[in-house]
Amino acid sequence: MEASVQEATKGFSRRAAEELSLRRGEPDWVREMRLSAWDTYEAIPMPKRTDEEWRRTDIRRVPIDDVVPFTELRDKAGSRQDLPARVLSALSTGVEDSGLNVQVDSSPVYTEVQPGISEQGVIFTDLQSALEHYPDLVRTYLFGAVPVDDNKFAALNAAFWSGGTFLYVPSGVEIEVPFRNVVYNETPGASVFSHTLVVAEDEASVVLVDHWSSAEGEDLSLSCNVIEVHVGEAAQVRYIQLQDWGRNMWSFNTQKAHCAQDAQVNFLNVALGGKFSRSNIAGILNGAGSLAEMLGIYFADENQHIDHLTRQEHVSPYATSDLLIKGALKDRSRTVYSGLIKVHPHAQRTDAYQSNRNLVLSRNARADTIPNLEIGANDVRCTHGATVSQVEEEYIFYLMSRGITRTEAIKLIVDGFFDEVIERVPVEEVQEFVREAIARKIGL
Amino acid sequence: MSDTPLFQVENLHAGIEGEEILKGVDLTINRGEIHALMGPNGSGKSTLAYIVAGHPNYEVFEGRVLYKGENVLEMGADERAQLGMFLAFQYPTTIPGVSMANFLRLAVNSVRGEDDGEGGKKRIAPREFRRMLREKMQMLNIDESFATRYLNEGFSGGEKKRAEILQMAMLEPEFAIMDETVSGLDIDALRTVSEGVNKLYDGTMAMLLITHYQRLLNHIKPHYVHVMLEGRIVQSGGPELAEELEAKGYEQIRSELTPAG
């Protein structure tokens with residue numbers, strides 16, 4: 001599985017998109033899709049600080065011309081044991097899954113589905129294989145939730161995605177044990193353009209845990225991932241993203257769920273790694289009575305820049321959206337949160353909640369938070385709140401007066417701060433992962 | 001060693017934001033003694049408690065606070081607690097997200113844990129901790145659900161005070177200051193809390209009960225009573241002093257002490 005980016009051509013171009021398609025042996029229609037996406041990418045200007053959505057995030061140094069757009073296709077792993085060590089360590093032992101899909105750099109290297117799952121009509125595979133085997137099904141949904149022109153980096157993903165994940169759950173099928181997707185950037189200097197497509201038909205129910213990590217290295221890597229979630233009537237999808245990239249990664253994430261009537265989506269986005277991380281996360285409540293729970297945790301340190309842009313879009317009446325994103329910052333890190341609750345004129349009886357809380361642990365760190373409302377209906381309940389605060393000295397003193405050291409006291413308070421989010425995610429191994437990650441970040 | 005008093009305050013001048021509140025306090029407490037410190041609001045009782053516990057906002061201008069002969073004023077609040085001192089707060093802090101059980105486990109480990117020989121502390125076994133917690137909660141008539149709730153969050157006044165005494169029961173201090181531990185409690189809660197305190201008093205530990213009201217002293221019998229006025233201990237005596245105070249009120253004491261003319 002050795003790889004190098006030495007000989008490969010750096011930078012993105014129409015020709016590179018075409019070459020990727022040819023090397024993967026894709027049908028013409030897929031290649032056309034990529035090339036048209038490239039045109040869209042070219043047509044959208046690179047974001048600048050003067051754009052409202054990018055006012056606090058500077059991407060002039062994005063290594064877009066320095067990375068290779070895709071790497072050579074790797075051999076498939078014969079079994080879990082053949083996967084890279086870092087991937088294996090991400091798969092905590094003894095944790096059950098309904099299926100596992102692994103992508104290394106731009107190659108799908110492993111897919112496994114537990115017995116009894118496929119028999120129920122569930123499809124879980126990499127997106128490239130899905131295109132080959134279920135072209136009509138994939139075509140129905142691909143770029144349906146996140147249109148190619150959603151933003152410049154979504155367009156770049158549409159032109160250069162590789163590997164990817166396709167999870168399809170037919171009507172009425174409920175799978176309790178999570179599916180797991182691991183994306184691993186093994187080659188510094190390479191791109192990782194994963195594309196996750198989840199389709200839950202009416203009354204289906206499924207959980208997907210997405211874990212991103214990378215080998216540490218000097219060369220900067222780039223990731224433009226897209227996550228599309230289609231939730232059918234009265235269906236439920238829980239999508240959990242554990243972003244744990246190495247510090248050489250520039251990460252762009254576009255994630256959107258479309259919810260039909262009475263559908264429910266539960267997001268948890270955990271942002272830990274990367275030099276730079278920008279996530280556009282949206283819950284689109286197309287159907288009446290639908291619900292989007294959008295939870296998030298971020299913890300920035302050193303010189304990390306972590307930026308979240310969220311959107312709770314109420315298209316139909318009687319829908320609920322509930323967003324709670326909490327972040328901690330230390331060292332010289334920066335975080336930006338900006339979120340919009342948008343209520344369309346017909347979306348009466350909307351119930352929308354949006355809350356972003358920041359805990360700043362160092363004098364040199366800075367958090368910006370900008371909540372926004374845009375309400376077109378008159379009978380709605382929308383609440384939003386944003387805070388940036390420090391650890392209360394009174395809390396620290398109280399804990400210390402019980403013999404707990406200052407560092408342990410701060411750790412306890414920060415754990416408690418995040419616990420409100422963690423305990424709302426009933427997936428034990430995820431809770432454990434997040435708690436450990438927080439402990440690691442605090443540095444005790 | 002046995003001659004050294006457990007706790008001593010010597011000529012303590014201290015305050016907050018540059019303002020002197022304690023104006024020369026002297027107090028000695030030996031092992032096994034229960035002292036009551038009484039006085040009107042604003043006389044400096046709570047300031048004394050905070051300074052002894054090590055609150056960072058308070059400053060000491062002069063004097064010493066000795067515990068087992070060691071000056072604790074240079075120590076952090078955590079070190080003081082590890083030495084065996086405890087303060088039951090008048091207004092306990094609410095800390096969201098921190099469960100009572102997690103907090104108590106960490107506190108017990110910090111205070112009781114023996115050195116593991118590598119600069120750390122031996123941890124109390126989880127089963128032993130749970131057994132102990134259950135036992136102490138029963139003793140204080142505290143519902144088991146308490147353990148999973150966040151520290152003081154949504155607790156009633158009585159629950160907060162009981163939670164303070166539960167912490168004291170778990171940490172088993174040798175010296176405890178209780179700042180208005182029963183004020184504001186109804187009679188049932190008062191009885192439970194004071195019974196709990198009486199059970200914890202084993203004859204060797206020492207206590208300083210800070211109270212505005214005589215009421216507490218009907219339930220917990222002090223050996224000594226001190227009266228504090230305007231930052232000084234102006235009178236000390238046996239339990240009868242509390243009754244005298246109840247009869248006369250602080251104003252009368254004040255005027256008796258002020259030289260006429």
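The sequence lines fix the lettering, A, B, ..., with proteins before strands; numbering per chain opens at 1. Remember, predicted model here, so these are calculated numbers, not experimental data.
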Heavy-atom distance under 4.5 Å to chain A: side chain of [X], backbone, both or neither?
{"X": "B:P173", "answer": "neither"}
{"X": "B:S99", "answer": "neither"}
{"X": "B:L83", "answer": "neither"}

Verdict with supporting geometry, B:N102 and A:D415, side-chain contact (heavy atoms from CB on, under 4.5 Å): CA-CA 11 Å; B:N102 282 348; A:D415 280 347; over 6 Å; no
Chain A contacts, top residue of B:T93, B:L104, B:V98 (heavy-atom pairs, under 4.5 Å):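 The answer is B:T93.
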Please report the shortest heavy-atom distance between [X] and [Y], naming the atom on each side.
{"X": "A:R406", "Y": "B:D78", "value": "N-OD2, 4.2 Å"}
{"X": "A:G403", "Y": "B:A81", "value": "N-CB, 3.2 Å"}
{"X": "B:F89", "Y": "A:R402", "value": "CD1-NH2, 3.4 Å"}

Taking the side chain as every heavy atom from C-beta outward, state whether [X] and [Y] have any pair of such atoms under 4.5 Å apart.
{"X": "A:M400", "Y": "B:H55", "answer": "no"}
{"X": "A:L412", "Y": "B:I95", "answer": "no"}
{"X": "A:I404", "Y": "B:F103", "answer": "yes"}

Within 6.0 Å of [atom1] in [X], more than 12 heavy atoms from elsewhere:
{"X": "B:Y91", "atom1": "OH", "answer": "no"}
{"X": "A:Q390", "atom1": "CD", "answer": "no"}
{"X": "A:E302", "atom1": "CD", "answer": "yes"}

Quick check for you: to the nearest 0.5 Å, what is the distance between [X] atom [atom1] and [Y] atom [atom2]?
{"X": "B:L106", "Y": "A:L399", "atom1": "CG", "atom2": "CG", "answer": "8.0 Å"}
{"X": "A:Y398", "Y": "B:L87", "atom1": "OH", "atom2": "CG", "answer": "9.5 Å"}
{"X": "B:M85", "Y": "A:S401", "atom1": "CE", "atom2": "OG", "answer": "11.0 Å"}

Aromatic ring pairing A:F397/B:Y50, orientation class (parallel under 30°, perpendicular over 60°, tilted between):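 Rings of A:F397 and B:Y50: tilted, 30 to 60°.
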For chain B, the option from A:E394, A:E393, A:E423, A:E420 that forms the most heavy-atom pairs under 4.5 Å: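 Maximum pair count with chain B is reached by A:E394.
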Part of A:E392 lying under 4.5 Å from any heavy atom of chain B: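 When you check distances to chain B, no heavy atom of A:E392 falls under 4.5 Å.
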